[in-house]
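Let me begin by presenting the structure, written as structure tokens, before commenting on it.
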There are 2 protein chains.
Amino acid sequence: MEADFALGAVQVSSSPQERFSEYLQSRGKRITQQRRALIDHVFERHDHFDADELIANLSRTELGDKVSRPTVYRTLNELVEAGLLRRMNLGGRAVYEHDYGYPQHDHLHCTMCDTLIEFQSDELQRIRDAVGREHRFRVTGHRLIVSGVCQECSTKRHRRASPLDLV
Amino acid sequence: MEADFALGAVQVSSSPQERFSEYLQSRGKRITQQRRALIDHVFERHDHFDADELIANLSRTELGDKVSRPTVYRTLNELVEAGLLRRMNLGGRAVYEHDYGYPQHDHLHCTMCDTLIEFQSDELQRIRDAVGREHRFRVTGHRLIVSGVCQECSTKRHRRASPLDLV
DNA sequence: CTACGTGCAAACGGTTTGCATTTGG
DNA sequence: CCAAATGCAAACCGTTTGCACGTAG
């Protein structure tokens with residue numbers, strides 16, 4: 001999957017690596033080779049990925065197959081818990097993206113090529129909070145995915161997006 | 001799960017049963033006992049449910065255990081395809097609600113009791129379409145889930161909503 | 001009569017887990 | 001040292017599928 005640099009990073013005081021170390025140490029967890037390899041790889045560039053892509057991608061590097069599948073899953077969970085990654089669910093599988101040092105945003109999801117395009121809307125945020133207030137609901141977050149077909153795919157030959165494609 | 005009658009039904013020309021029959025016949029599919037039992041049960045009242053709840057619920061009726069698990073799954077897929085049900089994904093499993101004759105809406109999801117509260121926002125629709133235009137993206141639909149804690153759960157004793165709870 | 005649908009059991013795919021072994025602090 | 005993490009293989013869980021039998025039209 002291609003990187004989407006639609007939004008700029010916000011400045012943060014420490015690197016993801018430092019953040020993760022703090023998180024681990026504060027919980028008596030250890031900084032292992034595998035965790036280092038994973039966080040370095042994951043924060044090398046901003047994109048969306050699932051566990052399989054990460055594993056495939058990782059095994060192409062020198063770090064190679066030094067990290068097993070279960071460890072990848074375990075570490076992804078830790079990175080989410082540490083606030084470094086955000087997880088969303090797309091058609092049954094978990095998809096991850098950078099959270100730490102990255103602004104709140106939502107996604108357009110092309111049902112043909114599966115690409116995720118990021119966008120930001122303050123208005124949306126406003127609506128979300130207003131609706132929460134109306135229902136006396138304490139809002140902690142939201143997930144919006146707009147489904148459709150991206151420009152490139154629109155110009156190519158078509159297949160109908162079925163209702164089954166909707167997230 | 002409780003029914004949420006937050007929004008009123010819009011009037012439609014034919015019943016879900018009739019709609020389903022049309023759908024089936026137009027495709028050379030058959031109107032079987034099982035399909036009848038399922039659509040009657042599903043449209044008895046408006047609520048959100050997953051496959052397991054439907055099966056459990058159904059086996060409590062006289063129709064009893066006349067419908068097997070695979071048939072429930074197969075029929076749910078047909079009902080979605082027929083435009084009678086909408087499917088959304090909540091924490092790994094599929095959740096269904098009435099689509100036919102029911103207005104477009106989104107959900108507040110309480111991460112403590114798992115209840116879904118419906119709300120409607122024209123503004124949201126507007127934003128969605130505007131964003132699509134900006135990105136030359138042909139929008140076919142969207143899914144928004146606002147996570148948080150509902151009023152009842154807020155007043156009860158707490159457990160922290162972890163980031164893992166986010167849809 | 002003959003597809004189409006069903007039920008069963010088994011497969012599936014993404015993710016998690018029990019356990020013996022390795023390793024960080 | 002020893003608790004925590006890893007790798008392996010197996011379990012898990014929601015969902016789908018192959019196949020022989022049943023049934024709608």
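All values reported here derive from a predicted model rather than from experimental measurement. The chains referred to below are lettered A, B, ... by the order of the sequence lines, with proteins before strands, and numbering in each begins at 1.
- To the nearest angstrom, C1' of dG7(D) lies 9 Å from CD of Q34(A).
- Atom CZ in R30(B) sits about 12 Å away from atom P in dT23(D), given to the nearest Å.
- Looking only at distances, a side-chain donor or acceptor of E53(B) sits under 3.5 Å from a matching main-chain atom of D50(B).
- Remark: P of dA11(D) and OH of Y73(A) are 19 Å apart, rounded to the nearest angstrom.
- The shortest distance between the side-chain N/O atoms of N77(B) and the OP1/OP2 oxygens of dT16(D) is below 4.0 Å.
- Between P70(B) and K29(B), the residue anchored nearer the 5' end of DNA chain C, judged by the nucleotide with its closest heavy atom, is K29(B).
- Across the helix from dC1(C)-dG25(D) to dG25(C)-dC1(D), the helix axis at one end is tilted relative to the axis at the other end by 30° (nearest 10 degrees, each axis from five pairs).
- Taking the charged nitrogens against the carboxylate oxygens, R35(B) and D40(B) have no contact shorter than 4.0 Å, which rules out a salt bridge.
- Annotation for F43(B) and L84(B): closest pair CZ-O, 3.4 Å, computed over non-hydrogen atoms.
- Between H48(A) and H46(A), the ring-plane angle classifies as perpendicular under the 30° and 60° cut-offs.
- Within 4.0 Å of R74(B), counting heavy atoms only, lies at least one base atom of the nucleic acid.
- On the nucleic acid side, DNA chain C contacts chain A at distances under 4.0 Å to non-hydrogen atoms, with the end points of that region at dG14(C) to dG25(C).
- Rounded to an integer number of Å, the gap from CZ of F20(A) to P of dA5(D) is 10 Å.
- Taking 4.0 Å as the cut-off between side-chain N and carboxylate O, D114(B) and R93(B) count as a salt-bridged pair.
- Rounding to whole angstrom units, CD of residue E53(B) and P of dT15(D) are separated by 11 Å.
- Between R143(A) and R86(A), the closest heavy-atom pair is NH2-NH1, 3.1 Å.
- When the nearest nucleotides of DNA chain C are assigned to A51(A) and R35(B) by heavy-atom distance, the more 5′-ward of the two goes with R35(B).
- Aromatic ring centres of Y102(A) and H105(A): separated by under 6.0 Å.
- There is no side-chain donor-acceptor pair under 3.5 Å between S15(A) and Y100(A).
- Atom CZ of R93(B) and atom P of dT16(D) are 15 Å apart (whole Å).
- The separation between E78(B) atom CD and dT16(D) atom C1' is 14 Å, rounded to whole Å.
- Place Q33(B) and D50(B) on DNA chain D by their nearest nucleotides, and D50(B) ends up nearer the 5' end.
- Taking atom CD1 of residue I55(B) and atom C1' of nucleotide dT15(D), one finds them 10 Å apart after rounding to whole Å.
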